[in-house]
Each structure stands twice: as structure tokens, then as C-alpha cells.
There are 2 protein chains.
Amino acid sequence: MKTHSVRDQLLEHASVLIRQRGYNGFSYRDLAELVGVKTSSIHYYFPAKDDLVLEVVRLYRERSQARLAAIDTSLPLIEQAERYVGPLRNDIELNQICLAGMLSAEVLALPDAIRSYLQAHFQANETWIANLLRRAETERGQPYPVPPQLLAKVLYGAIQNGIITARMSGSSDRLDAAADMLLGAVRGSMCAVTEHEPAMA
Amino acid sequence: MKTHSVRDQLLEHASVLIRQRGYNGFSYRDLAELVGVKTSSIHYYFPAKDDLVLEVVRLYRERSQARLAAIDTSLPLIEQAERYVGPLRNDIELNQICLAGMLSAEVLALPDAIRSYLQAHFQANETWIANLLRRAETERGQPYPVPPQLLAKVLYGAIQNGIITARMSGSSDRLDAAADMLLGAVRGSMCAVTEHEPAMA
DNA sequence: GTCTATAAGGCGATAGAC
DNA sequence: GTCTATCGCCTTATAGAC
């Protein structure tokens, strides 16, 4: 069993730091202390901060895409949805908010190359959800009250915001609401009116 | 007509800077140059950066709350929804993302006092939307497929994320999707199945 | 590859003249 | 109130020894 190279450790810890404090919220000094090297060693692997962050984002996209692709499309749709939603709730407990979600707020301070990766991340997740909803729609033979692609945009946005605001409010309420609504939509509860009582008049 | 005091200008420009680049993304130097004073003058009004930001957030909450309260609750519900959603699309064209949405990502680097204001902002908006949806529900006499409070959480989260990602992708698609869904929900299109065609099999 | 040393400038913040 | 001047520290980044 081989230990992780310094380069790998740098990328790993940089990812955590960015997700916690953002691009402008961490320094080469912070990162160096975490890994146990001097800042000049970071420059050896990543001459400029942008080089480091770009590689962190590239790796994140790669893994995130692989995780999406690993959800077997022949499974029952509801189970696919659960495999999509499950890890999100785990991440929250570790204060591990989505890298793309974090950086999307700082986008004006980021190089264009990074911006492209962030867009790709949002696009890929929206498309995945939209496809799931479309299949659920045809499987049921009854359309949603809202086009699947639009519903996917709303749900993924709500998921992203739910993750980000979880550490603000110390609660995963918002993520849970979005996740439940996604699962509900796949189950078809958005077509059949359910039994919750309306508010008082 | 009196000109704005230096203090007011500082607060105004600081708000813009934070909304563009975040708490860690602007300096007293940036702000001083915008207002046309020296950095030491900023310290005269706001001894520490946290004092400045806290006051910016307090003011934002105050105005935001006033804007919510200014929507006449005796108007038709759909018109209330339109008055809520309309300004959001305007802000996007000015690259003016929500202050609370921006700072919510940086929450780990912020003093607790600020955190409280951010929570209050999200809470207030969710509650306003939830009340609107509840009234729409009783007016129609038919419940949503999803509880209004949950729907409000999802929709406001999607709105927030739509605003933030607009300047990443150069498009207001996500905000539009969330806004349209909110308007649709008030109109009742989430209870009656509409006429959009399901996807190919 | 990793270090020491250092550059060149940014940062928030303070003292004190006016 | 606003300024000049300055402090002490942090930032990214580089040069060169080992």
C-alpha cells in the first residue's frame, strides 16, 4: 500500500480548503501547513494559485462525472434517484459542500477556464436529473405539470442551495426538502394529489 | 437635494463590492478608491471590517424586509407573486446578486452576528412564499401535491441559486425556471395537469 | 523535490497632524 | 472628519542551496 504523493495531498487538501472557505479564503500557507511542506514546494507543483485551483476543479469534475455514470441506468428509477441523493446528505454532515457550488459564488474572481468547468458541472447534473424525470414521465404515461427540464433546473438549484445553506443554519432542512421533492417527483406524487391537508382559511 | 454622506456612500459601495466579490474578495483600499477617500477614513466610521460588513448586512435586511412588507396582501395572489419575482430579474441584469446568497457561501469565515442576519433573510423569504402558496391553496380549495412550506423552501433555494449561477453561465435560465414555477404554482398549474407533451419513449 | 531566504506588494489597523 | 505616515503581518511568487 503506497502513500499518497505530495502532489495528491496538495490537491486533496486544497479541495477541502476551497469547499470550506472559497478561492479567496485560503492561502498557500494554510495549504502548506496542512500537508507539512513549505509554500515553495507548492509552487514547484503548481506555479500559480490558478494552476492549483484549475487542477482541483478538473479532478472534481472528473470524479463527479464518474459518480454520475456509475449509477446503473437499468435500475428502478426511484433507486437511481436514491443513489443520486444519498451521498449529498452524507457530504453535509462532513461540512463538505459542493466545490462547484462554492466557486459559483466567486465566479467574478476566477479565470475563464475554471468558469467553464463549473458550468459543465451544473449542466451535467441538470441533464442527468432531467433524463431521470423524463423516463419517469414516460414510464407513468402521464406528464408532469411542469416540463422535466425546467423541473430539473429548479430541483438541482434547490439542492445546491440546500447544501450551501446547511452550514449557515446548522440544519439540512432545505436539502431534505429538495431531495424529497425529487424522490417524490420520480415516484409520481406530483401527478396524483396527495393527502396532506390545506392550511386554515 | 442633499448629497449622500461619506458613511452612506461607504455602505452603498461596500454592498456592491460584497455582492460582486464576497467578504474576502474586497479590501478597504478597493472601497476607499470607489468612494474617493483614504482607507483610514473608513476606519473612522467602521473600526474593523466586520463592523462595516455587519452594518451592510443589517441595512440589507432592513430594506429587503421593507420591500417584502410593501407587497399589498390584498392584491390578487398572482400579482403579489409577480411583484416578488419581478425585481429579481432586474437585479440579475445589473450583476447584483443577493447579498445574503453571496455571504451564505462564505459563512465559515463570518462572525456569528452576521450569520444570524443571513438566516433571518432566508427564513423571511421562505415564510413569505409559503404564506402566498398557502393562500393560493385555500383559494383554490385543492392542496398542492407537496406541502406549501416544503415547496417554498425548494422554490426560494432555486431562486437563490438561479441568481448566483446567472453570472456564471451568462443566462438567467435557472432563475426564470424557478420564477416561472412559482408563478405557475400560484396560478394553480401544479394541481391541474397541463398540455406539454411527454418525452419520446 | 524540498528547503531557506527573500522579494514586492497587499492587508487591516493605528497614531497623530491638521 | 480627513489626512499622512507607518506598523506588523500576510500574500503570491522567485532564486538558489542542498
Side-chain angles (χ1 to χ4, degrees), chain A residues 2-59 102-103 106-115, chain B residues 2-58 102-103 105-115:
Chain A
K2 78 188 258 296
T3 49
H4 292 308
S5 71
V6 168
R7 197 187 123 100
D8 287 349
Q9 290 182 67
L10 287 171
L11 289 169
E12 209 58 50
H13 281 101
S15 178
V16 173
L17 281 173
I18 295 170
R19 286 155 84 170
Q20 282 176 344
R21 305 189 227 156
Y23 178 83
N24 280 320
F26 85 101
S27 69
Y28 267 33
R29 194 200 232 185
D30 299 325
L31 180 55
E33 276 168 12
L34 278 177
V35 177
V37 295
K38 300 296 175 181
T39 61
S40 49
S41 294
I42 308 180
H43 284 285
Y44 171 78
Y45 295 102
F46 307 101
K49 198 179 180 182
D50 284 351
D51 299 322
L52 168 65
V53 176
L54 181 63
E55 182 64 7
V56 168
V57 173
R58 203 190 59 72
L59 257 176
M102 186 69 185
L103 290 179
E106 294 186 282
V107 92
L108 294 186
L110 266 33
D112 282 351
I114 291 181
R115 200 180 304 206
Chain B
K2 78 189 259 294
T3 49
H4 291 311
S5 71
V6 168
R7 197 185 123 99
D8 287 349
Q9 288 181 68
L10 288 171
L11 289 168
E12 209 58 51
H13 282 101
S15 178
V16 173
L17 281 173
I18 295 170
R19 288 156 85 171
Q20 282 176 343
R21 306 189 226 156
Y23 178 84
N24 280 320
F26 85 100
S27 70
Y28 268 34
R29 194 200 232 185
D30 299 325
L31 179 55
E33 277 168 11
L34 277 176
V35 177
V37 295
K38 299 298 173 182
T39 62
S40 50
S41 295
I42 307 180
H43 283 286
Y44 171 77
Y45 295 101
F46 307 101
K49 198 178 180 183
D50 283 351
D51 299 322
L52 168 65
V53 177
L54 182 62
E55 182 63 8
V56 168
V57 172
R58 204 191 58 72
M102 185 70 186
L103 290 179
E106 293 185 282
V107 92
L108 294 186
L110 266 33
D112 281 351
I114 291 180
R115 202 181 302 207

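In what follows, every chain begins at residue 1, and chains take the letters A, B, ... in the order their sequences are listed.
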**Report entry** 5′-ward residue of the pair A:H43/A:R29 relative to DNA chain D
**Finding:** A:R29

Query raised in the report: Does a nitrogen or oxygen in the side chain of A:T39 sit under 4.0 Å from OP1 or OP2 of D:dT12?
Result: no

Requested in this report: Nearest whole angstrom, please: distance from the P of C:dA13 to the CZ of B:F46.
Outcome: 13 Å

Report task. Grab the CD1-P distance between B:I42 and C:dT14 for me, whole Å please. Result -> 14 Å

Query raised in the report: Closer to the 5' end of DNA chain D via nearest nucleotide, is it A:D50 or B:Y45?
Result: B:Y45

Report summary line: A:S41 and A:Y45 have their tightest heavy-atom pair at O-CD1, 3.2 Å

Query raised in the report: Within 45 degrees of the axis of the six-membered ring of A:Y23 and under 6.0 Å from its centre: does A:K49 put its NZ or CZ there?
Result: yes

Requested in this report: Return the value, rounded to whole Å, for the distance between atom CG of A:D30 and atom P of D:dT12.
Outcome: 8 Å

Report task. Would you kindly compare B:A48 and A:Y44 by the position of their nearest DNA chain C nucleotide and give the one closer to the 5′ end? Result -> A:Y44

Query - A:E33 CD to C:dC3 P, straight-line distance once rounded to whole Å - result: 13 Å

Query - Residues, nucleotides or ligands: over 12 heavy atoms within 6.0 Å of B:E12 CD - result: no

Query raised in the report: Think B:K49 has a side-chain N or O under 4.0 angstrom from the OP1 or OP2 of C:dG12?
Result: yes

Query raised in the report: Does a side-chain N or O from A:S27 land closer than 4.0 Å to OP1 or OP2 of D:dT11, or not?
Result: yes

Query raised in the report: Counting any heavy atom closer than 4.0 Å, what does A:S40 reach on the DNA or RNA strands: base, sugar-phosphate only, or nothing?
Result: base

Query raised in the report: Any idea which of C:dC11, C:dT2, D:dT11 is nearest the A:S41 side chain?
Result: C:dT2

Query raised in the report: Taking atom C1' of D:dA13 as reference, at what distance in whole Å does atom CG of A:L52 sit?
Result: 14 Å

Report task. Would you kindly give the NZ-to-C1' distance between B:K38 and C:dA17, to the nearest whole Å? Result -> 16 Å

Query raised in the report: Base, sugar-phosphate, or nothing for A:F26, non-hydrogen atoms under 4.0 angstrom?
Result: sugar-phosphate

Query raised in the report: How many Å lie between OH on B:Y28 and P on D:dC10, as a whole number?
Result: 19 Å

Query - Least distance between heavy atoms, A:L31 atom then A:L10 atom - result: CD1-O, 3.7 Å

Query raised in the report: Closest approach of B:A32 and B:K38, non-hydrogen atoms and distance?
Result: CB-C, 3.9 Å

